Structure formats: structure tokens, C-alpha cells
There are 2 protein chains.
Amino acid sequence: MTLVQLEYIIAVDTYRSFVAAAEHCYVTQPTLSMQVQKLEESIGAKIFDRSRQPVVPTEIGEKIIKQARIILNESKKIAELLQESKGEVSGELKIGVIPTVAPYLLPDILTTFLRRYPKLQLQIWEYTTERIIQELKLGKLDCGILSTPLHESGIEETPLYYETFVAYVSEASSLYQKKMVTTDEIADKKLWLLNEGHCMRGQVLNLCHYKHNQSLEGTFEYNTGSVETLKRMVDINGGLTVLPEMSILSYDEDQLGQVRYFRSPEPVREISIVTTPNFVRKQAVNALKNEIIALVPDRFKTKKKKEVMGFEL
Amino acid sequence: MTLVQLEYIIAVDTYRSFVAAAEHCYVTQPTLSMQVQKLEESIGAKIFDRSRQPVVPTEIGEKIIKQARIILNESKKIAELLQESKGEVSGELKIGVIPTVAPYLLPDILTTFLRRYPKLQLQIWEYTTERIIQELKLGKLDCGILSTPLHESGIEETPLYYETFVAYVSEASSLYQKKMVTTDEIADKKLWLLNEGHCMRGQVLNLCHYKHNQSLEGTFEYNTGSVETLKRMVDINGGLTVLPEMSILSYDEDQLGQVRYFRSPEPVREISIVTTPNFVRKQAVNALKNEIIALVPDRFKTKKKKEVMGFEL
DNA sequence: CCTTTGCATAGCTAAAATTTATAGCATGAC
DNA sequence: GTCATGCTATAAATTTTAGCTATGCAAAGG
């Protein structure tokens, strides 16, 4: 068994074709076919069922390919270790960010960060928490920025900042008259919510003491994945919603007039940068972490950890 | 970079000698030297400092070798996957067991287990919890049998049975007159304890409400790693100790006469079999698990999980 | 100063990976 | 039915590489 053979079977699995796989490996098709055969011979099992078109992995082949991806992933880390030791913050950094954080955090960060580390190539995906964890474990992402604690083994969390939630109320709402609101006061109101899969949905439901999916019918009408949409729904259709504090930083006075902070104990979410435990490019992630911490206003760092909300996915 | 090259650098690291490493890899020294050089050239960094005798890895070399061990470890799993898929329970199974469990569980298990799976080669080490976790993560052990919960990320626990602790008192002790004892009653007595590093020490200290290392001087005199020694100390020097229930299964009537169960809530420890999350030889471990569960008396399986004691290492 | 020990280098050989060319085998078009 | 077409396997030739033997060279020990 060689690393090259493992690369080849991964390519065949990816492209479901020996010809296409060979092209992408920059070798000829017979070369690739031979190596795959040799590997199959050496382990004593067929990895691909070539009688079907397109070729598909066998049952055991699936498992072997999965393991092969792990092996090659670990192999790549040797090169990363070397970059790391040179103090170079370079190469690709693949980041997953939840949609309730991304638009308020990344635009500010990116320009300064990329100017400071010109050799770094960022790739960013907006994914839900669940997907970020999944892709981290598969090695498809290098790090994630999301709300913690996750209580997920195999994921290391480094808190970046703490962010309160605020209510955003329409002028017609009875709460508009109040200076501050309590979590109880919003529990029975018409509340615009993110759709399922967003950790913030769970947090908001928690803070107003709802159980998931319970008595939502009739009370809530429209689900979206975007915090901006929530705000607009309030603007146009009335009612209220809950926003992360960072989303209101760019609001003008009119908009801020509709924002109501919560009375103590304020609901707070913890935003962390997460990696897998044996991730080696700590310098690059550290650089990103420091950039974020430097840019986030100070009051986002002083919230007490004890106030942080739990949530379920 | 090839898997063979990684094997070679691991061998050089292990034996701190190119000559010895070559022998153990069944190649000549020039062959091995050349491959190490080629690897160093391809990654653009020296892995070993050959100017010292014996050769030592460079700083970056240390990291590369560590990663190389991970890669080869993951590579081995492909062969294991295949055995696994054939339904064969075979090969080596390296098990770590804590010393307060091993002598009461393993002797009974081993003969029947090995008769059922003749192709399996068991290697067993008596290690402390800490060491078992460490070696599991390094891939030097396949599984561990120890007291849980560990609250350790990267370790998966599967409970096997629940075992109460019992007091073992000398005839001279005031507690000898009682039919049952409470945890409070033993707190101020002369208590023979295991030495540090054993999880059971922590559990026993917990159950009699001691903080670690606090006010032990004078009260306790002798530390040992063996439960049998604790019992003998009581037999010969008086006082009392706490034993795991399984250790008294083989006691005769005289000895049982010195055993006192605890009043409810009984202190219970959970014994689990643990592996790393991406361990692939689940069938072999499962076979061992089933063998143990089948052999352990039923009452060890009915304890409620809620009663299980926590502990620190 | 000579021997021993240990790694590196050089030249050679055998094995293995890769290439080009071609065969075989389905599948769908006509 | 037969003829392309698209895919993978096989064969033979070639290049690359891993490994071997022999030897060199430097450092440590007697």
C-alpha cells in the first residue's frame, strides 16, 4: 500500500471514473488502473465495482476510501507543520461560519486580515453549526466560527467574544413603550424566528422558555435563515424579533429606536473559533483569532461566562 | 513522501541509530539513509541531527515523527477494516486495565474468551487510568477497561457493569459490630488507602468526604497499588479499608464476616470498556464486551447510573 | 596512532511505476 | 444486427526508484 495508491482510489471515488480520475492525478488511465488493481490485490478485496457504470465503490471499498481520506489528510499535515514552523501564515485556510455571525463579523475582518497575511488564501463557507462540525471532522474545513458551548467531543473551542441578544420591536408593539424588556415579556408575542438548524433559533426559544416546536403553529408564520430578514419582517409586518447585538452596530438612530436591551440577566451567546484537537496550523487560526479579538468592541469581551446560554441543535 | 520513508524515520527515532533502524526494517543502512535523506530533501528540512551521537531528531523532526506515527497508525487501520469485514475476530488486541479491576475480572474471562476466539492474541497491561488514556490516544492500546465517567474528549465509553464498594473491617474495629455501615462512619477511622494515581483512591476519598491529600498525615500510614494488600493490612494491622465488590466474590465465610455493605445510597463505581472514536476493530472489542457482560453476575448490572460516583485523577 | 563505530556516497541491479498502444466489453444509435 | 462510442484491462517498452555491495569519511575510544 502506498500513499499514491490511496490518492488514486480517492480520485476514482470522487470522479466515479478511471479516466477522469487519471486526468486529475496527471497520470494515464492504465497507470491508475494498474495501481488500483495492485492495491486491491495487496489487500485481497475489490474496492470498486467496475461492472456498473459509473463505477461505484464496494461496501468494503467505501470504508477503505474513507480511511484513505483520513490517511492522506494526516499526510498533508506534515507539509503544514513545516509552514507552521517557518512562522509563515500562508496557504489555504478553510473556515466555516454560522449565518448569524458571518455578515456582522467577517466583512470588517477580512480586508485588514488579508492585508496583514498576503500569503494566506481564505475560503469561507456559511454553514449551520451541524454542518461545520461535520466538515471539520472530515477535514474539509480547518476551523469554524460559531456559538458555543457545543459539548462535542473532538472539537476544541476558543472563545472569541460574548454577545447579548436584543429585542427588535415594531412601533406598534406594546413593548415599544418600554425602555428595556424581560425575557418573559416576549414569550407570548408574535416572534419572528430563524428556521430550524440555526443554533440561534434554539437559543431564542430557550430564552423565552419555549420548548422546540411547541405551540409554534399560529404564533409564528414565516421562517428564514437570515437575521436581516427577521428585522425587515418586523419593519413591514410588525411584531418583534430577537437579534444578535453585533447586527445592530451599523444601525442608524431610527433603527436603534426600535432596539430594546434585555434586563439582567441578559441572554448572552458565546462565539468561539473551533478546530479539531490535532489541527496543526495553529498559527494561522491564532492570527485570525487575534484579528477578530482586536476588532470586536471591548464590551463584547466582558460578559461573564456564567450567563452564557446553552442550546441544542 | 512515502509510507516507507515514514516507517524509516520512525525506526531511526525509536532506535536513535541508522544502523539499528535499518536492521529492524530489514533493509541495509545505506538504503535507509538514502530514503531518510530523500524525505528530508522533499520536505526541505532536516529531520535528524546526525552530528550528535546517538542521533537525535531536530525540533521540527520531533513534530514530523509524531505526525508520521499518526499516519502509519491510520494506515494500519485499513488492514484492520478488512479483518473486521470478514467477521474475523483475530489479530492482536492490546488492552489496558486498571489494577483494581484486572485481578477480579480478567482471570475468569481470559480462558473462555481465548477459547472462543483462537485467532485473537491478547496483550494486557495493568496501567493507571491516566496511562491508559494516554496510550489509547497514541494508538499503543486498542481499548481500556476502567472506571468511568472520565469526562475525557476523544475517548468513547461503553459501560460494562456497576460495582459497589464495601468496607472490610478488622474484628477489633468498632464497626465490626454493625451489620451495615454508612460512609460517614468510616470517615474518621484508620483507613488503608491505595496510593496516588489510582482512580479508586479518589473515589474512596470522595465517599468519605475527604479532600485529596488533606489531613492524611498521621491517619494513614502505608500506600500500596494492590487491593489485596489493603485487605491484608486490615487482617494483620487492624483498621479498615474499602474494597470493590468484585474482589470479595472469592472470599470464604470467615473473610465475608469482615465485609460490611454500605447503607443506601451505596457508593457505586461504573466500569466501562473505552476506545478512541475512530477505532475500527469494533467487533473484537464487542466480543470482549459481551464476554465480560455474560460472565459478570447479574446484580452488577442493575445498579442505577445515578448513583455512580465521580472522581478526579 | 590505530581501531572501531556510525553515517554518507557511488555504482550497480532488480523491481516497480508509468507510458503508449491495443484489446475487450458493454451500451445505445441506426 | 452492426457499428460507433465510452470505459476499463492488458501487453510491451521505458523510465524511475528502491535497495544492495563496496567504500569513504569523521568522530570517539583505547
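Here the structure is a predicted model, which means the values were calculated and not measured.
Nucleic acid contact for Thr28(B): base, since at least one base atom lies under 4.0 Å from a heavy atom of the residue. Within 4.0 Å (heavy atoms only), Phe48(A) reaches no atom of the nucleic acid at all. Using a 4.0 Å heavy-atom cutoff across all strands shown, Thr31(A) reaches at least one base atom of the nucleic acid. When heavy atoms are screened at a 4.0 angstrom cut-off, Val19(A) is found touching base atoms of the nucleic acid. Ser51(A) comes within contact range of no nucleotide atom at all, as no heavy-atom separation falls under 4.0 Å.
Taking 4.0 angstrom as the limit, Ser33(B) places none of its side-chain polar atoms (N or O) nearer than this to OP1 or OP2 of dC7(C). Residue Gln35(B) has a polar side-chain atom (N or O) positioned under 4.0 Å from OP1 or OP2 of dA18(D). Phosphate contact (OP1/OP2 of dT18(C), side-chain N/O of Tyr8(A), threshold under 4.0 Å): present. Taking only side-chain nitrogens and oxygens, Lys38(B) never comes nearer than 4.0 Å to OP1 or OP2 of dT17(D).
For the residue pair Gln5(A)/Gln35(A), the side-chain donor-acceptor check at 3.5 Å is satisfied.
Note on ring orientation: taking the six-membered ring where Trp is involved, the planes of His24(B) and Tyr15(B) are parallel (angle under 30°, cut-offs 30° and 60°).
In this structure, the CZ atom of Phe18(B) is 19 Å from the P atom of dT5(C), given to the nearest Å. The CD-P distance, from Gln37(B) to dA18(D), rounds to 13 Å in whole Å. Atom CD in Glu7(B) sits about 13 Å away from atom P in dA18(D), given to the nearest Å.
Looking only at side-chain heavy atoms (C-beta outward), Phe48(B) and Ile9(B) come within less than 4.5 Å of each other.
By the 4.0 Å N-to-carboxylate-O rule, Arg50(B) lies close enough to Glu40(B) to be salt-bridged with it.
Within the model, atoms CG of Leu110(A) and CD of Glu291(A) stand 9.5 Å from one another, a figure rounded to the nearest 0.5 Å.
Nearest nucleotide to the side chain of Gln53(B), out of dC7(C), dT8(D), dA18(D): dC7(C).
If Leu32(A) and Glu40(B) are placed on DNA chain C by their nearest nucleotide, the residue sitting closer to the 5' end is Glu40(B). Judged by closest nucleotide on DNA chain C, Pro30(B) is the one of Pro30(B) and Pro30(A) placed further toward the 5' end.
Judged by distance alone, with hydrogens and angles left aside, Gln29(B) brings a side-chain donor or acceptor within reach of the base of dA8(C), the pair sitting under 3.5 Å.
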